[in-house]
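Proteins come first, then strands; the chains are lettered A, B, ... in the order of their sequence lines, and each starts at number 1.
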Amino acid sequence: MAARTVWAAGRCSEQAGAVNRAVRRLPGLTQVRWSRYGPEFRDPLTDKGHCRKPAAELTEEEKYDQDLGKTQLIKAAPAAQTCSAFADPVISKSTNMMMKGGSKVLARSLMAQTLEAVERKQFEKYHAASAEEQATIERNPYTIFHQALKNCEPVIGLVPILKGGHFYQVPVPLSDRRRRFLAMKWMIKDCRENKPRRTLMPEKLSYELLEAFANKGPVIKRKHDMHKMAEANRALAHYRWW
Amino acid sequence: MATPSLRGRLVRLGNPRKPVLKPNKPLILADRVGNRRREKGEATCITEMSVMMACWKQHEFRDEACRKEIQDFFDCASRAQEARRMRSIQESLGQSGSLPPHKMNKLLNKFPNKPHLS
């Protein structure tokens with residue numbers, strides 16, 4: 001897990017130069033928010049299986065790593081990092097994106113209520129359906145969440161490129177990380193903005209997730225709009241230089 | 001070609017001719033080199049993208065119908081990204097023969113040019 005470094009435009013200070021020599025320098029940018037840990041600190045391990053392996057099964061490299069861990073300094077694990085089997089990176093990321101003002105407790109409870117709402121709706125549908133339909137109804141909220149976000153991910157993105165004094169929207173391939181982020185961002189934004197007055201977030205989000213799972217709904221529409229615009233601008237693809 | 005000569009080019013008391021050069025800054029070597037001009041690359045994965053878009057047009061932008069083309073596009077994009085990363089690592093390691101500009105500047109700052117005598 002590499003630490004994210006934050007940069008700002010400005011003159012390089014001595015202090016910035018002294019800390020984190022290992023980090024690659026970007027010209028014209030100074031690191032503004034960095035961790036208090038020096039480069040000798042190792043990342044914490046939250047994998048129980050790693051520690052419980054009997055000594056005979058370890059390879060040379062792992063043995064060396066384990067011995068090194070006894071003498072090296074280790075960073076403190078953040079509160080959100082667990083070795084629990086219920087910890088899901090996608091759910092954690094969405095919770096963090098839903099969080100406002102640092103209130104993780106609220107965001108986590110909203111996410112839990114959303115998953116519960118999804119599960120309840122699916123169970124209602126299940127009990128109301130006939131025997132053949134019951135086989136097709138998905139009741140696990142986690143699979144529904146993952147599948148819905150996967151359905152919302154755009155395949156191609158648009159980037160404004162300045163050419164001849166005008167900005168053109170050029171179609172560009174996106175990285176996996178960016179696609180997942182866009183899917184989550186669109187989902188959360190849509191739930192915050194386009195909802196009737198006094199609807200709670202879990203209710204709206206569960207509805208949107210179920211719609212996205214079925215490939216309908218406003219987030220899927222937004223993804224298709226992005227694709228259509230990319231298709232319309234495909235001639236501008238040569239404006240890219242990467 | 002040898003370095004062009006500076007003899008009799010500037011305005012000086014001993015120089016009878018009119019000046020050839022009129023420099024606005026003193027002619028002293030700076031402790032830095034200019035940045036290298038980066039070659040502009042061309043857009044990658046155009047063919048995969050056009051194939052995918054043709055498939056989309058055919059099937060009304062449904063993703064399930066175009067799985068293969070989309071997968072090809074993703075593979076091409078990841079390959080292009082890997083190639084770019086390798087190229088940037090190669091460049092940061094060093095150009096064939098000389099150092100990259102930022103390392104050269106660091107070296108020159110350690111041994112600055114002395115316009116004064118002592």
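The most heavy-atom pairs under 4.5 Å with chain B, out of Ser175(A), Pro173(A), Pro171(A), come from Pro173(A).
Salt-bridge formation is not detected for the pair Lys121(A)/Glu124(A): no Lys NZ or Arg NE/NH1/NH2 atom is positioned less than 4.0 Å from an Asp or Glu carboxylate oxygen. Ion pairing between Glu231(A) and Lys228(A) fails under the 4.0 Å rule for side-chain N and carboxylate O.
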Using atom types as modelled, flag every donor-acceptor pair under 3.5 Å from a side chain in residues 69-76 of chain B to any protein atom, sequence neighbours excluded.
| unit_1 | atom_1 | unit_2 | atom_2 | d |
| --- | --- | --- | --- | --- |
| Gln71(B) | NE2 | Asp75(B) | OD1 | 3.4 |
| Asp72(B) | OD2 | Lys68(B) | NZ | 3.3 |

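Looking at Glu64(B), the atoms closer than 4.5 Å to chain A (heavy atoms on both sides) all sit in the side chain, from C-beta outward. For a residue to count as touching a neighbouring chain, one of its non-hydrogen atoms must lie under 4.5 Å from one of that chain's; by this rule Asp176(A) does not touch chain B.
Partners of Tyr207(A) by ring-ring contact (aromatic ring centres under 6.0 Å, His included), not counting sequence neighbours: none found.
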